[in-house]
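Below, chain A is the first sequence line, B the second, and so on; all start at residue 1. What you are looking at is a predicted structure, and each value in this text was computed from that prediction instead of being measured. Hydrogens, waters and symmetry mates are skipped; everything else that's a heavy atom, side chains included, is used.
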Amino acid sequence: MPTPYDPQAIETRWQQHWLDHGTYEVDNDDPRPPYYVLSMYPYPSGPAHMGHVRNYTMGDLLVRYRTMRGDGVLSPIGFDSFGLPAENAAIQTGIHPRTNTEANIEKLSASLRRIGAAYDWRRVVRSHDPSYMRWTQWIFLKFHEAGLVYRDTAPVNWCPGCQTVLANEQVLGDGTCERSGDIVENRDMEQWFYRITEYAQELLDDLDDLEWPNKVKVMQRHWIGRSEGAQFGLPVADTDGNARTDVEPVQVFTTRPDTGFGMTFAVISPEHPRLDELTTDDRRADVHAFRSALAGRSEIDRLSSEGGLDKRGIATGGRVVNPFTGQAIPLFAADYVLMTYGTGAIMAVPGQDQRDWEFAEVHGCEIIRTVQPPDDFDGQAYLGDGPAINSGFLNGLQVTEAKAAAIDWLEAGGMGERKVNYRLRDWLLSRQRYWGCPIPIVYCDDCGEQPVPAEQLPVDLPDDVEFMPTGRSPLTTHEGFLAATCPKCGGPARRETDTMDTFVDSSWYFLRFTDPWNEDAPFDPAAAARWLAVDQYIGGVEHAILHLMYARFFTKALADLGVAPDSVREPFARLFTQGMIRLGGVKMSKSKGNLVAPEEILDDQGADALRLAHLQIKPPQEDVDWEDFGIDGCAKFLARVWRLAEPGSPLAAGARHGDPTPADIDLDKATHRLVARITDEYDRWSYNTAIAGFMEFTNLVYRWVQADDGPHGPTLDAALDALLLTMAPAAPHLCAELWELRNGGHIHEQPWPEADPDKLVDDTVTMVVQVNGRVRDRIEVPADIDEAAAEAAALASERIAAHLDGGTPKKVIVRPPGLVNVVV
RNA sequence: GCGGACGUGGCGCAACUGGUAGACGCACCGGCUUUAGGAGCCGGCGCCGCAAGGCAUGGGGGUUCGAGUCCCCCCGUCCGCACCA
């Protein structure tokens, strides 16, 4: 008797089965070839939303597919459980972030199980877990010991809404906080930094070997921002315009040392420590006023200001000497010169730099071209290549040679040197918040800053705190937390109250997954060596820069410190960035308040239908509009498969046995083509066309089954087995159920099917015959037809003859067996 | 401004290396099953045309026997970086 497709019953049963049997648990000594699939661990904000479903469906498909291919797949899940939202919620509701977060983790875990995502749940890692925090702190201390951590006063991005500092990367282009949307201010504060710039070159070089989307690599390269040039000194001029030897020259960095003869003024940053010294008395009041006006404005705000260059720069009255010409030139201060990039001072060459050109015009500076523009050039500053002019010993050299010659000259004269500069800055990791991993440092009046001894880790967060909207972390007033003992002298000490940026937690969780039970080390190097690099990392493109850069830095540093094996210098060998989901044209997110919860769909059409809809709609790397989803179509398709494949299906009634008919043989070939096609499409992440393949094949089987001859039993069984096996990674529950009913056993433990190459080729093919490139006829020909026979067959066609209209072919292009093109 | 991706029916999209444009799904239309549940099965469906045929992959040019695919110019959409010396 046919039974209706009941996704609820099937899905609940199999999800329980996978948990009970530990189907996707894998041990570190598993004999199968290791394969590590990782979807970025989520921030637990509550039950899963559609973005999660999309992300974790992609990952799950790969986990199940690789498992059937025979790999021992490591498929862990964890939770990025520290962070601002939980603490902000605590201030509003009074509920402790831990309570709230752990409840959310439960909800999210349940959601993930309900969409059928398969994980090794024994390996769960939670950022806020003391057993994880302990090692986050331990790594901090390791880095501290190695000089990769330092403390410094720095102008920082302060978000008044979040009441904490932000990394540069967390400030959006319009000067607002990526999280709260508040306008970010500039403040000087004592902060902790990771010395990521130490790895700038390696981070840049190693990108080449990664199988990552090119887009992401380009973004990282730009972020690192390597530029080659020269750094040299501009001597300070005395009132007569001569170089003073009693004061240090002002250092500048340039990528265009070849244009030095065109330097007609110089500009320093308003924050430059020598600004005051270089300003003349008569200009001091104006310069101070100028600098004060900038105070408190964030760097981003300054950089995006649209004021005219007259307002943005001011003469200091001081002069410096252009070492190329020996001439004294005026020194300006301008807001667009950043203290945090290069040396905080620049040489200005209006002839070859458009902004310098405009600045020179406004402030009445001389403009001298030092590169000959082409005759038809009618612009202002000329940035292209050409011979040097007005440049003394450089005259006649092209830009590249002139650069080298200029640097050689600077070095020979002891004035400067070749220099590589990076845009990348050190990672500001401290946050003035409670719900994060405490920085394991204490301050002793006598011994100063002291690391907490490893055996005292973790420095735990106290639970008995009150969350008040004061803007201050409760840690700063918690006596029990603050009171510490100096590990060096044993005297009283005060504990650091800053906690770490949550990007620290996510910079090594993929390593912890390899050995999450370890109590003696963050992970066993052998376990890391076995699983890393992650074979396939999956996540949103929004993490293209920050998270991925930080994780790469951590991996390299841990390898250098001997914590990770030296073979592991990159965390993620392959990266896939899947598209986001939009609703009403905007990104679906909690902050936008336009989340679609999957519950209703899971209750109604089921997880398999929802998964299929996510896979089918578009190529996985592209953004999708929720409005375009076709859940009903997918549910309909699954029910169609069910009716066809369930034991006792009326569609299979009266199946023939004995010799297969030609139609049976054709269907068998289609079965093998399906297997070959799906294998290829899974490997290429072409999931949308794979789903189309299942539908196409199912339609084919339906027509064949309902034809006059009826189905041939063995052919039908083989067809349905292949369909279920290949579809199992995409629709795991339905396929598991049907497989068990039909064959017994567990489909996800079956080997991946293989196509018989002999059955992938047909005896005959449809040959297209064109006249002048337009299709005029189609002829069935043997697949092994030769050129002469193909041409003859084409010319024998009546329709072709009609189109030739008595004329003789000028030329015949033959591409057997598929195509003949007759040119007249 | 710089860098990148992309533009194909009413809609989401397919066509991996230049070789049958529009697979698959949605929507729509028709038929069957006497079917009252958002059902099932079969078929149609780029545009113009009764047809033969013609026209079609943002627009314009080019290479080629043959271009959605390659090259040049233009238009448009989206994303990233934006005064980086």
Side-chain angles (χ1 to χ4, degrees), chain A residues 4 173 213-219 221-223 225-227 229 231 252-256 266-267 269 300 302-306 309 312 334-338 340-349 353-356 358-359 421-424 541-542 544-545 579-580 604-605 612-613 616-619 621-625 627-637 639-640 643 651 677 680-681 684 686 688-699 702-703 706 766-778 802 809-815 818-824:
Chain A
N214 196 46
K215 174 170 126 170
V216 176
K217 293 207 226 180
V218 167
M219 282 162 74
R221 281 194 193 101
H222 183 261
W223 194 259
R226 178 191 157 100
S227 57
Q231 182 175 322
V252 294
F253 172 74
T254 180
T255 56
R256 293 298 302 273
V267 189
S269 167
I300 304 240
R302 268 168 55 183
L303 292 181
S304 62
S305 80
E306 289 177 1
L309 286 170
R312 303 187 52 198
D335 64 358
Y336 64 79
V337 176
L338 313 175
T340 44
Y341 184 79
T343 60
I346 61 166
M347 68 176 207
V349 186
D353 183 284
Q354 186 59 26
R355 188 187 54 211
D356 290 348
E358 289 164 21
F359 194 94
N421 207 26
Y422 299 92
R423 204 183 76 116
L424 183 71
V541 74
E542 66 270 19
I545 298 174
M580 63 172 190
D604 195 4
Q605 291 104 326
L612 231 51
Q616 181 228 25
I617 182 161
K618 235 182 185 191
Q621 65 276 16
E622 279 169 47
D623 294 346
V624 291
D625 289 298
E627 289 86 347
D628 296 328
F629 270 66
I631 315 269
D632 285 335
C634 291
K636 225 168 88 177
F637 164 70
R640 202 164 143 85
R643 283 191 298 274
L651 288 160
R677 166 183 179 170
D680 175 56
E681 287 173 331
R684 293 170 27 226
S686 188
N688 53 330
T689 57
I691 305 305
F694 298 136
M695 293 176 168
E696 214 177 318
F697 183 72
T698 303
N699 292 342
Y702 258 80
R703 281 194 293 271
Q706 293 175 98
T766 306
M767 184 174 77
V768 171
V769 187
Q770 302 176 325
V771 176
N772 290 336
R774 317 189 72 95
V775 179
R776 296 304 182 185
D777 201 4
R778 282 152 221 227
K810 201 190 287 176
K811 196 170 171 188
V812 181
I813 311 283
V814 187
R815 293 283 178 276
L819 179 132
V820 173
N821 187 10
V822 183
V823 187
V824 286

Between [X] and [N], does any side-chain N or O lie under 4.0 Å from OP1 or OP2?
X        : N     : result
A:Arg643 : B:C41 : yes
A:Lys811 : B:C65 : yes
A:Gln354 : B:G1  : no
A:Arg256 : B:C84 : no
A:Arg815 : B:G66 : no
A:Arg640 : B:C41 : yes
A:Arg221 : B:G80 : no
A:Asn688 : B:A14 : yes

Hey, does [X] reach any base, or is it just sugar-phosphate, or nothing, if we go heavy atoms under 4.0 Å?
X        : answer
A:Gly633 : sugar-phosphate
A:Asp604 : base
A:Leu819 : base
A:Tyr702 : sugar-phosphate
A:Asn214 : nothing
A:Glu627 : nothing
A:Lys636 : sugar-phosphate
A:Asn821 : base
A:Arg677 : nothing
A:Asn699 : sugar-phosphate
A:Gln605 : base

Between [N] and [M], how far apart are the two [atom1] atoms, rounded to whole Å?
N     : M     : atom1 : answer
B:G25 : B:G43 : P     : 11 Å
B:G22 : B:A5  : P     : 28 Å
B:U57 : B:C47 : P     : 15 Å

**OP:** Return the value, rounded to whole Å, for the distance between atom CZ of A:Arg423 and atom P of B:G3.
**Re:**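 After rounding, the reported distance stands at 16 Å.
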**OP:** For A:Lys217 and B:G4, give me the distance from atom NZ to atom C1', rounded to whole Å.
**Re:**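 Taking NZ of A:Lys217 and C1' of B:G4, I get 15 Å after rounding.
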**OP:** Please tell me which of A:Ile617 and A:Ser686 maps to the more 5' nucleotide of RNA chain B, matching each residue to the nucleotide holding its nearest heavy atom.
**Re:**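 So the residue in question is A:Ile617.
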Proximity to the side chain of [X] - top-ranked nucleotide from [options]:
X        : options             : answer
A:Ala692 : B:A23, B:A15, B:A85 : B:A23
A:Lys215 : B:G4, B:C81, B:G12  : B:G4
A:Ile813 : B:C42, B:C16, B:G19 : B:G19
A:Met219 : B:A85, B:G12, B:G80 : B:G80
A:Val823 : B:C65, B:C41, B:G12 : B:C65
A:Gln706 : B:A15, B:C42, B:U20 : B:C42
A:Ile346 : B:A82, B:A85, B:A21 : B:A85
A:Arg774 : B:G54, B:C81, B:C55 : B:C55

**OP:** Pull up the glycosidic torsion of B:G40 and say syn or anti, syn being anything within 90° of 0.
**Re:**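 Anti, since the glycosidic angle lies more than 90° from 0.
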**OP:** Sort out for me which residue in A:Val820, A:Leu819, A:Asp777 forms a side chain to side chain contact (heavy atoms under 4.5 Å, CB included) with A:Met767.
**Re:**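 Among the candidates, only A:Val820 passes.
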**OP:** Scan A:Asp628, A:Ile631, A:Leu612 and name whichever one has a side chain to side chain contact (heavy atoms under 4.5 Å, CB included) with A:Ile617.
**Re:**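 Of the listed options, the one satisfying the test is A:Asp628.
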Subject >> B:G46 - base-pair partner by Watson-Crick or wobble geometry, distances under 3.5 Å >> reply: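 Paired with B:G46, as far as the under-3.5 Å criterion goes, is B:C55.
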Original post:
Quick one: OH on A:Tyr336 to CD1 on A:Ile346, what's the gap to the nearest 0.5 Å?
Top reply: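 If I round to the nearest 0.5 Å, the distance is 5.0 Å.
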Original post:
What distance do A:Arg423 atom CZ and A:Thr340 atom OG1 have between them, rounded to the nearest 0.5 Å?
Top reply: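 Going from the CZ atom of A:Arg423 to the OG1 atom of A:Thr340 covers 10.5 Å.
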